[in-house]
Amino acid sequence: MLLRVRVTLPDRPGALGQVARTLGVAGADIVQVVVLERLGGRAVDDFTVVWPGASRVERLLAGMAAIPGVQVDGVWRAIGAPTSGGQDAELLAQVAGNPADGLATLVDAVPGLLAADWAAAAVVPADWASRRGSALPGAPGGAPAVAYASWRAPSPLTLPEVTPLRARAMDGPVGTHYVAAPFGRAGLVLMVARVDAEGLSAAGFHVTEVDRVAQLVRAAAVILGDRLDLVSAPPAAARS
């Protein structure tokens with residue numbers, strides 16, 4: 001199976017190689033390394049690895065724990081092939097090529113780009129500021145209503161309360177991590193989620209991932225324009 005392993009390590013010569021060797025000894029075949037951050041003598045790297053399904057991940061964690069200064073921030077199952085440069089531009093080209101289905105195209109594609117589990121376009125009411133903490137029609141507890149969800153999203157889908165002001169990462173129920181990015185129109189917000197599963201603990205969304213989602217959403221909003229003003233959540237009867 002394909003795993004994503006997020007590691008914080010010392011930003012010094014040889015540290016990355018030591019982590020890579022340890023992954024190899026544990027049985028992982030590295031297919032991609034992405035540097036998320038280099039700051040203050042520390043680096044945060046994402047390794048995408050092919051992991052033998054019969055092997056226990058504890059073996060990998062034990063090997064990493066034996067490396068001085070190395071911390072494993074998360075291990076989770078990645079869906080689809082590792083992403084490469086240019087895939088964001090390709091996605092936006094698809095959105096522009098078929099704007100009638102542009103929002104659905106974006107929502108369905110983003111989880112694969114971020115090694116996430118699912119995504120959804122949520123509608124936050126225009127009077128959200130005065131209604132925070134109170135129940136919204138069709139969305140108990142003040143949560144936004146779902147306009148479109150990717151194919152791996154749970155059903156029924158319950159989202160946390162969000163505000164359509166800025167892109168940010170957040171944690172939901174135990175084992176659930178979100179990033180939310182507003183389109184800047186019609187109260188639409190893109191929600192992307194990672195969920196702990198199969199005994200693995202997913203990492204939260206890094207600031208670089210939040211920025212990436214925000215850029216995709218802003219570009220899609222420019223491409224789709226007034227079409228986004230027509231997006232609305234389905235009636236409560238249709239969702240039930």
Side-chain angles (χ1 to χ4, degrees), residues 1-88 110-119 152 154 160 167-180 191-215:
M1 61 180 172
L2 204 62
L3 292 181
R4 184 68 62 91
V5 183
R6 180 164 299 171
V7 178
T8 298
L9 66 157
D11 187 13
R12 63 170 183 255
L16 180 59
Q18 191 172 7
V19 170
R21 286 192 298 273
T22 301
L23 287 171
V25 170
D29 181 13
I30 300 173
V31 294
Q32 186 184 57
V33 181
V34 176
V35 179
L36 297 176
E37 176 184 312
R38 297 181 67 180
L39 184 67
R42 305 285 287 172
V44 179
D45 294 348
D46 270 1
F47 294 81
T48 302
V49 304
V50 177
W51 182 253
S55 299
R56 296 179 62 86
V57 175
E58 286 80 1
R59 179 183 177 187
L60 182 154
L61 296 176
M64 302 296 276
I67 307 175
V70 169
Q71 172 185 311
V72 177
D73 298 325
V75 180
W76 68 101
R77 190 162 186 169
I79 305 300
T83 61
S84 58
Q87 288 201 337
D88 290 10
V110 164
L113 297 180
L114 295 174
D117 290 280
W118 54 264
R152 297 188 72 242
R168 62 190 178 98
M170 67 187 78
D171 289 327
V174 175
T176 304
H177 312 280
Y178 297 103
V179 58
M191 302 287 295
V192 189
R194 285 191 189 123
V195 182
D196 293 354
E198 302 176 2
L200 303 176
S201 296
F205 289 92
H206 190 268
V207 62
T208 58
E209 295 177 303
V210 175
D211 290 343
R212 184 180 184 186
V213 174
Q215 290 170 13

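Side-chain atoms are counted along with the backbone in the values below, which use heavy atoms only and exclude waters and symmetry mates.
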- [ ] Take Arg212 and His206 through the test side chain to side chain contact (heavy atoms under 4.5 Å, CB included) and record every step on the way to the result.
- [x] CA-CA 10 Å; Arg212 184 180 184 186; His206 190 268; over 6 Å; no
TODO: Would you check, one step at a time, whether the test side chain to side chain contact (heavy atoms under 4.5 Å, CB included) holds for Trp76 with Arg194?
DONE: CA-CA 9 Å; Trp76 68 101; Arg194 285 191 189 123; 3.5 Å; yes
Task: Results of side chain to side chain donor-acceptor pair (under 3.5 Å) for Gln71 - residues two or more places apart only - done: Asp73
Open item on the list: When you compare the side chain of Leu61 with that of Val75, does any pair of heavy atoms fall below 4.5 Å?
Closed with: yes
Open item on the list: Under the rule for side-chain contact (heavy atoms from CB on, under 4.5 Å), what residues qualify as partners of Ala193, not counting sequence neighbours?
Closed with: Trp118, Tyr178
Task: Value rounded to 0.5 Å, distance of CG in Asp29 from OG1 in Thr48 - done: 11.5 Å
- [ ] Tell me, please, which residues at least two apart from His177 pass side chain to side chain donor-acceptor pair (under 3.5 Å).
- [x] Asp171
Task: Gln18 backbone acceptor or donor facing Thr22 side chain under 3.5 Å - done: yes
- [ ] Output, in order, the C-alpha distance, side-chain angles, deciding distance and verdict of side chain to side chain contact (heavy atoms under 4.5 Å, CB included) for Glu209 and Val179.
- [x] CA-CA 8 Å; Glu209 295 177 303; Val179 58; over 6 Å; no
Open item on the list: I'd like to check Asp117 versus Val192 (side-chain heavy atoms, cut-off strictly below 4.5 Å). Are they in contact?
Closed with: no
Open item on the list: So which atom in Phe205 and which in Ala116 form the shortest heavy-atom distance, rounded to 0.1 Å?
Closed with: CZ-CB, 4.2 Å
Task: Which residues share a side-chain contact (heavy atoms from CB on, under 4.5 Å) with Arg42, sequence neighbours left out - done: Thr8, Pro10
Open item on the list: Apply side chain to side chain contact (heavy atoms under 4.5 Å, CB included) to residues Val213 and Leu114 and explain how you reach the verdict.
Closed with: CA-CA 9 Å; Val213 174; Leu114 295 174; 3.2 Å; yes
Open item on the list: I need the Leu200 CG to Leu3 CG distance, nearest 0.5 Å.
Closed with: 6.0 Å
- [ ] State, to 0.1 Å, how close Ile67 and Val19 come at their nearest heavy-atom pair, and which atoms those are.
- [x] CD1-CA, 4.0 Å
TODO: Would you please name every residue forming a side chain to side chain donor-acceptor pair (under 3.5 Å) with Arg12, sequence neighbours left out?
DONE: none
Task: Glu198: side chain to side chain donor-acceptor pair (under 3.5 Å) partners, not counting sequence neighbours - done: Arg77
Task: Interatomic spacing from CE in Met170 to OG1 in Thr176 - rounded to 0.5 Å - done: 12.5 Å
Open item on the list: Any carboxylate oxygen within less than 4.0 angstrom of a Lys/Arg side-chain nitrogen, looking at Asp45 and Arg6?
Closed with: no
Open item on the list: Using a strict threshold of under 4.0 Å (side-chain N to carboxylate O), is an ion pair present between Asp11 and Arg38?
Closed with: yes
Open item on the list: Are Phe47 and Leu23 packed together at the side-chain level, in the sense that at least one heavy-atom pair is separated by less than 4.5 angstrom?
Closed with: yes
